[in-house]
Amino acid sequence: MKPSKLYSNRPAVFAPVEFKPELNVVLAEIRRPENRDLDTHNLGKTTLGRLIDFGFLAGRDAKFFLFKHLDRFGEFAFFLEIELLDGTYVTVRRSVAEASKISFKKHRARHQDFSTLPDLEWDHVDVPFDRAKDLLDSLLDWRALKPWHYRKGLGYFLRSQEDFRDVFQLRKFANAHADWKPFLAHILGFDAELITQHYDKEDKLKEAEQKATTVRQELGGEIEDAGKIDGLLLLKRQEVQKKQKLLDAFDFRSQDKADTKQLVDQIDERIASLNQRRYSLTQNRKKVIASLEEDQILFDPEAASELFREAGVLFAGQIKRDFQQLIAFNKAITDERRGYLIEERAEIEAELKTINAELNTLGKRRSDMLAFLSSTDSFAKYKHLSNELVALRADIEGLERQREFVHRLQQLRSDIRSLSEEKTHLEALIEADVEAKNADEDSLFSRIRLFFNEIVEEVIDQKALLSVVVNQQGHLDFRAELLDDTGIATSADRGFSYKKLLCIAFDLAVLRAHLDDAFPRFAFHDGVLESLDDRKKINLLGVIRRYSTLGLQSIITLIDSDLPPPDDDIPIFDPSEIVLLLHDEGDDGRLFRMRPW
């Protein structure tokens, strides 16, 4: 449940760090005056947290300093000793060169050194990485996190500087909210299964909607009514039967009669209607073009002024300006009118193009039918009728494919309705669960929010509110806010120092609320006192010490310049609390006793 010791196979370069069950201070002293104003000192206080994470089997990252500088660290192997729930210990061995092969050893005594232990004496040797994580998951036995893996929430208890940017969304949670919000809801005491189902239902709904869009695109804007398609298929199949009977009987009299009726009643009538419409459109286009050519202003105010002057008539400047204003007004009206005329001409030409195409098609069809009717060659008629039959059957195949698409679209629409209803139902259940947990003063969430406010109020004498609400999309929104005297949220939490305080308060509150559960019982906070004023620093250290006495291990890092002044010359930390002292006087003061990388 707690890190107990971190060491390596090269103690001369990386000395062992033995952690205590309660408060552990990693203190970096800046002894050289020229280094006091630097933002970073590369002594290793932040690196320690990364090495603990490495021992907890963090995934391999090429940017991680151990792998980025293999020339320096390739021969290192690190050992993390972890105290388990039953008071026993497990040591995890992981080398840099073979970081995906992990070894484990269970033992009863703390602060052991297995750096030279032969492989035969390890309980599990060179276990593949994924299996090793599962094995460590079972050894840690953090049952309160289930069904999630132990690494899911480890970032809340190994906070690096990057993880203080947001109370809830850790750096490694940069991906979809569905990946971390259900887990966070779970450790806060909400029904995470409902939230997981809601995200799953939402994904399926989006997938069904995308498929429906694809099917509509494949239909290409054609008929989407299955009933209409079935009706067309019925008529086409009946037509096929009729033509097939004519072909089988080799008798074309009924076909001649039908073609004659269609030629007179439909084709000729349609051609006449289209020709009439084409004539009307042609005339309109002619008028539009003429109107576009006539829009000119022939009056010249300068010429008129000269004419009036020569005639001895006074032409006042004001009159000239009135003419110019009149021309500008007329020009604005003319420009607007031209726009409408150009638009009308484009619409006329587009319709004429469509009419001409249809007239060409109808003309060809009329010509073919007249040829068929006037033909006395039965074999030619047989061939013509056979071609029509082939075309009809092709139409039927096309309609059948279209019907399949339409049926698929109808099924998808039905699925979308069902998924939407199920999603809405889940949202109602989530809202009810959140409301119930908020209202229940004995709920896990209520305890966490009380501990959270207690910590913040003790440090900065200001109330803080931890809240969870359901947004319009049915998702949970997590909020941590500072309150003013009237209970209204303030913007103070937006500053980095207060944001860090809220993160620390949240982590400690969650740990305290789960003290009776199989849950992590440690927290690593990097740069814990940065940016706070001295009184708040003392208050925060008081909270951390008090929580340590409850059974929660705290590992904090800080620079000596961040320490508040001692009261009555009593040191801020007892020497026994400082588990690692770093300084800037040479390589011996660094976590790794080597030149910086």
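All of these numbers come straight from a predicted model, not from anything done at the bench. Along the sequence shown, residues are numbered consecutively beginning with 1. Reckoned from all heavy atoms, side chains included, excluding hydrogens, waters and symmetry mates.
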**Item:** Arg151 and its salt bridge (Lys or Arg N to Asp or Glu O under 4.0 Å) partner, picked from Asp130, Asp134, Asp53
**Value:** Asp53
**Prompt:** Does a donor on one side chain sit under 3.5 Å from an acceptor on the other, for Ser548 and Glu22?
**Reply:** no
**Message:** Can you confirm whether Glu162 is buried at CD, in the sense that more than 12 heavy atoms of other residues, nucleotides or ligands lie under 6.0 Å from that atom?
**Reply:** yes
**Prompt:** Does Lys423 come within less than 4.0 Å of Glu427, counting only side-chain N to carboxylate O?
**Reply:** yes
**Prompt:** For Thr557 and Gly527, which heavy atoms make the closest approach, and how far apart are they?
**Reply:** OG1-N, 2.8 Å
**Asked** Considering only heavy atoms from C-beta outward, does the side chain of Phe183 approach that of Tyr156 to under 4.5 Å?
**Response** yes
**Message:** Show the nearest heavy-atom pair for residues Arg159 and Val167, with the distance to one decimal.
**Reply:** NH2-O, 2.7 Å
**Request:** Please examine the side chains of Ile488 and Leu483, heavy atoms only from C-beta on, and report whether any two atoms are closer than 4.5 Å.
**Result:** no
**Request:** Identify the two heavy atoms, one from Lys5 and one from Pro16, that lie closest to each other, and give their separation to 0.1 Å.
**Result:** CE-CB, 3.9 Å
**Message:** I need the minimum non-hydrogen distance between Leu466 and Phe168, along with the two atoms involved.
**Reply:** CD1-CZ, 3.5 Å
**Prompt:** Is there side-chain contact between Arg512 and Asp507, with heavy atoms separated by less than 4.5 Å?
**Reply:** no
**Closest non-hydrogen atom pair between Leu48 and Leu591, with its separation** = N-CD2, 3.8 Å
**Asked** Between Leu43 and His583, is any pair of side-chain heavy atoms under 4.5 Å apart?
**Response** no
**Prompt:** Ile430 and Ile195: which non-hydrogen atoms are nearest, and at how many Å?
**Reply:** CD1-CA, 4.1 Å
**Message:** Are Phe519 and Leu511 packed together at the side-chain level, in the sense that at least one heavy-atom pair is separated by less than 4.5 angstrom?
**Reply:** yes
**Request:** For side chain to side chain donor-acceptor pair (under 3.5 Å), just list the numbers for His475 and Glu202, CA-CA rounded to whole Å, side-chain angles, deciding distance to a tenth of an Å, and then say yes or no.
**Result:** CA-CA 10 Å; His475 301 151; Glu202 190 174 55; 2.9 Å; yes
